Amino acid sequence: MRSIRRPVMAAAALTAVVALTATGCGPSDEPANDKPTNAAGDTSGGGKFEIPKEIQDKLKEHGFDLDKWKNGEWKNWSKDKWLREAGEFINPIIKDFWNPDKIGKAKPPQDNTKPGDVSEDQGKTDPEPDAVPAKAVGTPYDKTAPGVGLLVFSTPEGDARCTATVVKDPAHPGKSNLVWTAAHCVHAGKNGGWYRNLIFVPSFNKTGGTAGEIKNKPFEERVPKGKWWADDLATSKEWIKDGGAVPGVPMAPYDFALMHVKPEENTGGKSLEEIAGGAYDVNFNASPIGKIPSLTAQGYPAEAPFDGASLQQCTDKPTRLSMAAEKPTMYRIGCTMTAGSSGGPWFTKGTDGKLQLISNMSMGPRPAKWAAGPHLGPEAKSLFDAMSQKWANKQ
């Protein structure tokens with residue numbers, strides 16, 4: 001049984017054009033474009049690109065030379081250089097680092113977990129749900145699933161990817177730059193730190209299709225809403241302290257993260273929400289699991305039988321999964337989405353009939369039959385409120 005769905009990793013084969021993540025990562029067959037490009041000074045995308053002073057100061061504070069970082073020092077994953085604590089995240093823009101081909105080559109990594117890795121005594125509260133086959137989301141995604149997209153990043157093992165979602169920011173109504181995903185898509189947990197070169201690609205490959213078809217599509221279809229670099233990240237203290245791969249399964253109830261992003265290219269002052277075409281409220285006080293009639297999970301699964309090129313979804317009535325009595329109970333649904341869907345949104349309808357995010361894809365077994373996501377309660381809300389307030393007077 002597969003545990004945390006790890007970030008998807010880059011492949012060596014040129015034909016492996018697209019794959020999205022949920023658990024681990026791997027080496028790319030082509031070197032990164034390490035030409036230095038500065039981060040956006042105007043985070044709304046309306047100004048000249050330059051490394052903000054606070055990032056320069058933070059790099060210096062942790063012993064990094066800015067020029068060396070831009071020219072490849074980011075590849076240094078030694079323990080003394082891999083930042084891991086809350087507030088230590090740095091992610092200067094390296095322009096064109098993520099070109100369409102490099103993004104497309106990411107695929108699930110070698111996963112050493114086997115059936116039975118999630119032990120039966122970890123508090124399974126309700127009977128295991130029947131598998132619900134994933135179905136393709138209608139296209140174009142910027143109309144049918146606006147705000148859902150691909151998260152790509154660098155790990156010690158190589159390039160990887162997950163799924164992520166634009167969420168509404170009360171400090172900037174209609175102009176949010178906040179993105180929700182899973183903790184294991186941004187931070188390695190107890191044995192590592194923050195991943196690097198994180199970008200979000202809303203409505204990735206918006207017309208769908210297969211990995212074999214995507215390489216012939218124009219840039220504007222593969223990356224239709226631009227590339228948005230994370231410039232701030234937050235996740236749970238429990239994940240930072242004890243999270244990880246199979247040993248980190250007990251921390252799955254805390255497998256959530258929030259990022260603030262900025263555009264790689266000038267957007268004329270428009271926010272991510274405006275460019276992506278949508279954002280979702282996060283409900284930190286959702287109804288008890290038994291009272292939720294239906295839940296829909298979306299993501300870009302990349303392990304067979306999927307290839308990561310298309311957005312998929314599963315809809316089911318959620319049940320309960322407990323990892324331990326003292327930890328929050330997780331949502332669980334029948335779903336056959338595989339690695340690559342991690343971090344993807346779990347939606348229900350609010351009283352106004354609009355979709356609201358109540359969880360994110362975290363873990364599931366192999367072969368894929370069901371999936372589980374964390375309940376977003378007080379700690380998640382505290383993390384969200386702090387991020388919103390931090391950026392209230394700036395974008």
Side-chain angles (χ1 to χ4, degrees), residues 43-46 137 141-151 162-183 185-186 198-204 224-236 256-263 267-287 292 295-299 311 313 331 343-361 373-395:
T43 53
S44 66
V137 175
Y141 300 144
D142 57 343
K143 303 299 182 184
T144 60
V148 180
L150 174 67
L151 178 66
C162 281
T163 305
T165 311
V166 186
V167 293
K168 292 184 178 181
D169 181 358
H172 297 282
K175 297 184 177 183
S176 176
N177 283 318
L178 299 182
V179 178
W180 195 273
T181 190
C185 297
V186 302
L198 289 95
I199 68 162
F200 175 62
V201 183
S203 301
F204 173 72
K225 304 294 182 178
K227 294 174 285 187
W228 297 74
W229 287 70
D231 59 354
D232 202 358
L233 260 177
T235 189
S236 64
F256 51 81
L258 179 68
M259 68 186 80
H260 182 276
V261 300
K262 61 191 172 192
T267 65
K270 289 187 177 181
S271 67
L272 171 60
E273 181 176 355
E274 293 170 291
I275 296 294
Y280 304 89
D281 283 318
V282 183
N283 187 344
F284 297 103
N285 190 30
S287 300
I292 298 174
L295 188 155
T296 295
Q298 293 184 339
L311 187 63
Q313 68 180 24
Y331 301 97
W346 286 30
F347 293 129
T348 61
K349 285 187 177 181
T351 54
D352 59 0
K354 296 180 180 179
L355 293 179
Q356 57 182 8
L357 187 149
I358 66 167
S359 186
N360 56 261
M361 179 71 79
H375 175 270
L376 304 181
E379 180 168 19
K381 186 177 189 306
S382 176
L383 176 151
F384 178 89
D385 289 345
M387 181 75 78
S388 177
Q389 292 166 13
K390 179 177 179 179
W391 291 88
N393 296 318
K394 52 184 177 179
Q395 270 284 58

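Owing to the predicted nature of the structure, the values given are computational and were not obtained by experimental measurement.
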Any V167 side-chain heavy atom under 4.5 Å of L258 side chain: yes

Point-to-point distance, once rounded to the nearest 0.5 Å, from NZ of K349 to OG1 of T296: 8.5 Å

Nearest non-hydrogen partners of S287 and I292, listed with the distance: O-CD1, 3.6 Å

Closest non-hydrogen atom pair between L357 and W180, with its separation: CD2-CD1, 4.1 Å

Between CH2 on residue W229 and CE on residue M259, distance to nearest 0.5 Å: 13.0 Å

By ring pair (Phe, Tyr, Trp, His ring centres under 6.0 Å) - contacts of Y280 (at least two apart): F347

Spacing of CG belonging to N285 relative to NE2 belonging to H375, to within rounding of 0.5 Å: 7.0 Å

Smallest separation among heavy atoms of S203 and P224, with atom names: O-CG, 3.2 Å

Option passing side chain to side chain contact (heavy atoms under 4.5 Å, CB included) with F284 (candidates D385, L383, L376): L376

NZ on K225 to CD1 on I275, rounded to 0.5 Å: 7.5 Å

Nearest atoms (heavy-atom pairs only) where F200 meets T165: CE1-N, 4.2 Å

Qualifying residue, where the test is side chain to side chain contact (heavy atoms under 4.5 Å, CB included) with L151 and the options are I199, V201, V186: V186

Any donor-acceptor pair under 3.5 Å from E273 side chain to K175 backbone: yes

Whether T181 side chain and T163 backbone form a donor-acceptor pair below 3.5 Å: yes

N/O donor-acceptor pair under 3.5 Å between Y331 side chain and S359 backbone: no

Nearest-0.5 Å distance, CG of residue L150 to NZ of residue K227: 12.0 Å

Whether T235 side chain and F256 backbone form a donor-acceptor pair below 3.5 Å: yes

Residue pair S388 / D169, side-chain donor-acceptor N/O under 3.5 Å: yes

Minimum heavy-atom distance between S271 and G174, given as atom pair plus value: OG-O, 4.0 Å

Check residues 142-149 and write down every donor-acceptor pair under 3.5 Å in which the side-chain atom is one partner and the other belongs to a residue at least two apart or another chain.
| residue | atom | partner | partner atom | Å |
| --- | --- | --- | --- | --- |
| T144 | OG1 | G138 | O | 2.5 |
| T144 | OG1 | P140 | O | 3.3 |

Where K390 and D232 come nearest, the two heavy atoms and their spacing: NZ-OD2, 2.9 Å

Nearest-0.5 Å distance, OG1 of residue T348 to CD1 of residue I358: 4.5 Å

Side chain to side chain, S176 and L272, heavy atoms closer than 4.5 Å: no

H172 (side chain) donor-acceptor with W391 (main chain) under 3.5 angstrom: yes

